[in-house]
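None of these values were measured; they are calculated from a predicted model. Proteins get letters first, then strands, A, B, ... in listed order; numbering begins at 1 in each. For the numbers below, each heavy atom of this structure counts, side chains included, while hydrogens, waters and symmetry mates do not.
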Amino acid sequence: MAVLHNQRIARLLNEMSEYLEVQDVPFKPSAYARAAGIIAGMTDEVTDIYDQNGKKGLDGIPGVGKGIAEKIEEYITTGSIKELEQMKKKFPVNVSELSAVQGVGPKKIAALYKKLNIKNCADLERAVRAHKVAGLAHFGKKSEEQILKGIEFLKKGRGRMLLGTVVPLAQDIEARLRSVPGVARVTVAGSIRRRQETIGDIDIVATTAHPKRVMDAFIALPEVEHVYSSGPTKTMVRLSIGIDADLRVVKKDCYGAALQYFTGDKQHNIEVRKIAIKKGYKLSEYGLFKEKKLIAAKTEEEIYKKLGLAYIPPELRTASGEIEAARRNGLPDLIPYGSIRGDLQVQTNWTDGNASIEEMAKAAMNAGLEYIAITDHTQSLAMTGGLDEKKLARQGKEIDALNKKFKQKKFHILKSAEVNIMKDGSLDIFDAALKKLDLVCVAVHSHFALSEKEQTERIIRALKHPLVNILFHPTGRRIGRREAYALDMESTLRAAKEYGVAMEANASTDRLDLKDAHIRRAIELGVNIVVNSDAHAPGHFANLDLAIAQVRRGWGKKSDVLNTLSVDKCLAFLKRLKK
DNA sequence: GCCGTTTTCGGCCCGACTGTTTTCAGTCG
């Protein structure tokens with residue numbers, strides 16, 4: 001609940017920022033966007049701060065001053081912000097929808113509205129297809145092509161939401177349904193339970209002796225916008241955030257069968273049911289039956305067991321070899337959630353993070369971590385104020401001092417950097433400075449459009465560098481926003497193995513990069529994985545489990561992931577890899 | 001609209017890249 005509230009305030013401030021920006025208002029947009037970013041990453045509840053200390057308390061939040069504090073207060077007390085509503089009236093354009101199109105920003109949105117009365121993506125697509133856009137100032141043929149491509153991409157991702165967006169909401173709904181009197185169990189199943197990177201709808205299984213009470217509570221949730229259908233065992237609704245949710249209520253005795261039925265993906269379920277048929281059984285959401293006799297239904301474990309299979313963890317139920325492996329008892333012992341001991345990608349306010357090194361360290365400690373690596377951007381990523389050799393040295397001194405301070409707490413801060421890989425595969429920091437770091441991490445942030453051959457050669461050259469330990473977000477994709485750059489993953493992974501570089505499983509909600517399939521291949525090739533949050537704010541350490549989920553989907557064990565080790569062992573391992 | 005060991009007023013993050021231009025606006029994060 002807490003997180004959702006902050007997200008909501010952050011979204012509103014972001015909207016303020018967008019509308020101010022299209023109106024070419026100077027400086028205010030970045031002030032609003034900054035405040036939104038900070039609030040989105042906060043672990044404390046803004047409404048709690050307001051309840052306890054009023055506007056003064058809000059003023060104390062970094063990035064929030066008198067003006068924005070007033071807006072937040074207005075939102076908390078009245079549910080809307082007058083100025084935002086007025087701006088929307090004056091400029092009736094879906095700014096967030098249009099700016100989601102790659103290459104379309106505030107200036108272009110303003111021009112498109114003023115010249116062609118374009119208010120949303122549908123308008124834009126029509127205008128582009130009629131070639132009305134190319135004539136405008138600063139728009140040409142290529143702009144039209146780019147816009148069309150951007151719109152197509154958005155359409156492909158339509159209707160699916162990020163795992164990291166949906167999980168907190170689903171867990172929140174789960175908790176609220178569980179508190180309904182008479183409810184025995186509630187579990188979110190479906191693609192969320194499998195921890196798939198994007199989610200099409202929320203499937204919930206509940207057991208109770210009083211189905212109607214749960215259904216009524218479900219329909220009465222404030223998030224419910226529309227009820228498609230509702231009966232004693234199944235209710236389907238649309239939630240206001242733009243995703244459907246289904247609640248299925250079964251008797252306590254067939255809980256396992258229902259869960260099994262609603263968790264596996266389509267193909268997994270078909271395969272499992274085929275096995276049942278072969279053995280003379282029938283499998284449904286009500287149980288495993290021989291003729292009419294119930295064989296198993298209470299737990300998933302007993303159902304799989306009766307079918308001659310080991311228990312298959314939800315993340316693996318995708319019909320990609322898990323059933324054969326379960327039959328010969330060859331499933332991997334998956335890395336447990338919560339087993340990361342140190343986070344090796346953390347940004348701070350030295351560049352584009354929004355908290356100090358000390359604040360991030362404290363948040364990491366609170367999240368149960370034993371160490372973090374500070375990995376701010378380097379100089380060629382100018383928009384983030386990337387660090388050069390001098391600044392890296394200065395930052396190193398600050399880290400030394402903090403390590404002294406945290407000595408009794410046995411918490412360790414490592415010196416590192418997210419070193420930018422240049423177009424030719426070289427790094428933008430001299431080796432002499434890199435040698436002073438505890439570990440060197442590299443990443444691509446530009447020249448996304450190189451051919452597959454060029455991109456692969458470029459990255460492999462960086463991996464070959466004798467000081468490089470980890471490749472961050474190896475494919476550069478942003479789910480639903482930007483495709484991965486063209487990259488020969490097989491060659492890249494083989495190079496990582498040869499040159500002793502670990503691959504990151506990045507937990508940022510729209511990255512999840514490497515993704516499950518690549519992780520699985522990496523592990524097959526003996527490449528080590530590192531699970532990182534890519535935290536830019538104290539609240540982001542909570543994302544680590546999202547990447548652990550992807551490692552699990554990639555059949556990863558604890559021993560495949562280097563930062564499940566203690567800080568000393570992890571560093572020693574990375575050094576040994578390089579030899 | 002926010003912020004302050006250069007400032008309570010006057011700055012606002014330091015740049016690369018693309019596609020549009022014919023010297024530069026707009027986007028990216």
May I ask you to decide if A/H447's main-chain N or O and A/Q455's side chain share a donor-acceptor pair within less than 3.5 Å? yes

Look only at the side chain of A/R553 and the backbone of A/A517, and say whether a donor-acceptor pair between them is shorter than 3.5 Å. no

Could you give the distance separating [M] and [N] at their [atom1] atoms, to the nearest angstrom?
N      : M      : atom1 : result
B/dT7  : B/dG11 : P     : 13 Å
B/dC2  : B/dC13 : C1'   : 13 Å
B/dC12 : B/dT6  : C1'   : 16 Å
B/dG10 : B/dG15 : C1'   : 23 Å
B/dT21 : B/dG26 : P     : 12 Å
B/dT5  : B/dA16 : C1'   : 33 Å
B/dA25 : B/dT20 : P     : 16 Å
B/dT22 : B/dG29 : P     : 28 Å

Select base, sugar-phosphate, or nothing to describe what [X] touches, counting heavy atoms under 4.0 Å on all strands.
X      : answer
A/K141 : sugar-phosphate
A/P106 : sugar-phosphate
A/K28  : base
A/T351 : base

Salt bridge or not between [X] and [Y]? Use side-chain N to carboxylate O under 4.0 Å.
X      : Y      : value
A/E125 : A/R129 : yes
A/E85  : A/K89  : no
A/R552 : A/D516 : no
A/E504 : A/R511 : no

Given a 3.5 Å cut-off on both pairing distances, which stems involving DNA chain B, each at least three consecutive Watson-Crick or G-U pairs, are present, if any? B:1-4 with B:9-12, B:15-19 with B:24-28

Whichever of A/G105 and A/K142 has the more 5' nearest nucleotide on DNA chain B, that residue is A/K142

Between A/G386 and A/G140, which has a closest nucleotide on DNA chain B that is more 5'? A/G386

For A/E358, enumerate each residue passing the salt bridge (charged side-chain N to carboxylate O under 4.0 Å, His left out) test, keeping only those at least two apart in sequence or located in another chain. A/K362, A/K405

For A/R394, enumerate each residue passing the salt bridge (charged side-chain N to carboxylate O under 4.0 Å, His left out) test, keeping only those at least two apart in sequence or located in another chain. none

Do any side-chain atoms of residues 432-442 of chain A form donor-acceptor pairs under 3.5 angstrom with protein atoms, and if so which ones, sequence neighbours left out?
residue: A/D438; atom: OD2; partner: A/K415; partner atom: N; Å: 2.7

Which of [range] sit near DNA chain B, with a heavy atom under 4.0 Å from it?
range                       : answer
residues 50-70 of chain A   : A/P62, A/G63, A/V64, A/G65, A/K66, A/G67, A/I68
residues 439-449 of chain A : A/H447
residues 128-139 of chain A : A/H138, A/F139
residues 119-126 of chain A : none

If you measure from [atom1] on [X] to [atom2] on [Y], what distance do you get to the nearest 0.5 Å?
X      : Y      : atom1 : atom2 : value
A/L402 : A/K397 : CG    : NZ    : 14.5 Å
A/L136 : A/S143 : CG    : OG    : 9.5 Å
A/I519 : A/L514 : CD1   : CG    : 5.5 Å
A/I81  : A/I76  : CD1   : CD1   : 10.0 Å

What's the verdict on side-chain contact (heavy atoms from CB on, under 4.5 Å) for A/E197 and A/K515, showing C-alpha distance, side-chain angles and the deciding distance? CA-CA 8 Å; A/E197 63 187 39; A/K515 65 177 188 176; 3.9 Å; yes

Qualifying residues under side-chain contact (heavy atoms from CB on, under 4.5 Å), relative to A/A535, sequence neighbours excluded: A/M360, A/S533, A/H540, A/F541

Identify each donor-acceptor pair in which a side-chain atom of residues 12-21 of chain A lies under 3.5 Å from a protein atom, sequence neighbours left out, and give them as a table.
residue: A/E15; atom: OE1; partner: A/K88; partner atom: NZ; Å: 3.0
residue: A/S17; atom: OG; partner: A/P29; partner atom: O; Å: 3.0
residue: A/Y19; atom: OH; partner: A/V93; partner atom: O; Å: 2.8

Suppose we screen for side-chain hydrogen bond (donor to acceptor under 3.5 Å, both in side chains). Which residues come up paired with A/R520, at least two apart in sequence or across chains? none

Run the side-chain hydrogen bond (donor to acceptor under 3.5 Å, both in side chains) test on A/T375 and A/Q347 for me, step by step, so that the C-alpha distance in whole Å, both residues' side-chain angles and the decisive distance to 0.1 Å come before the verdict. CA-CA 6 Å; A/T375 54; A/Q347 267 70 237; 3.1 Å; yes

Identify the two heavy atoms, one from A/P474 and one from A/I459, that lie closest to each other, and give their separation to 0.1 Å. O-CD1, 4.4 Å

Under a 4.0 Å heavy-atom criterion, DNA chain B is touched by chain A from B/dG1 to B/dG29

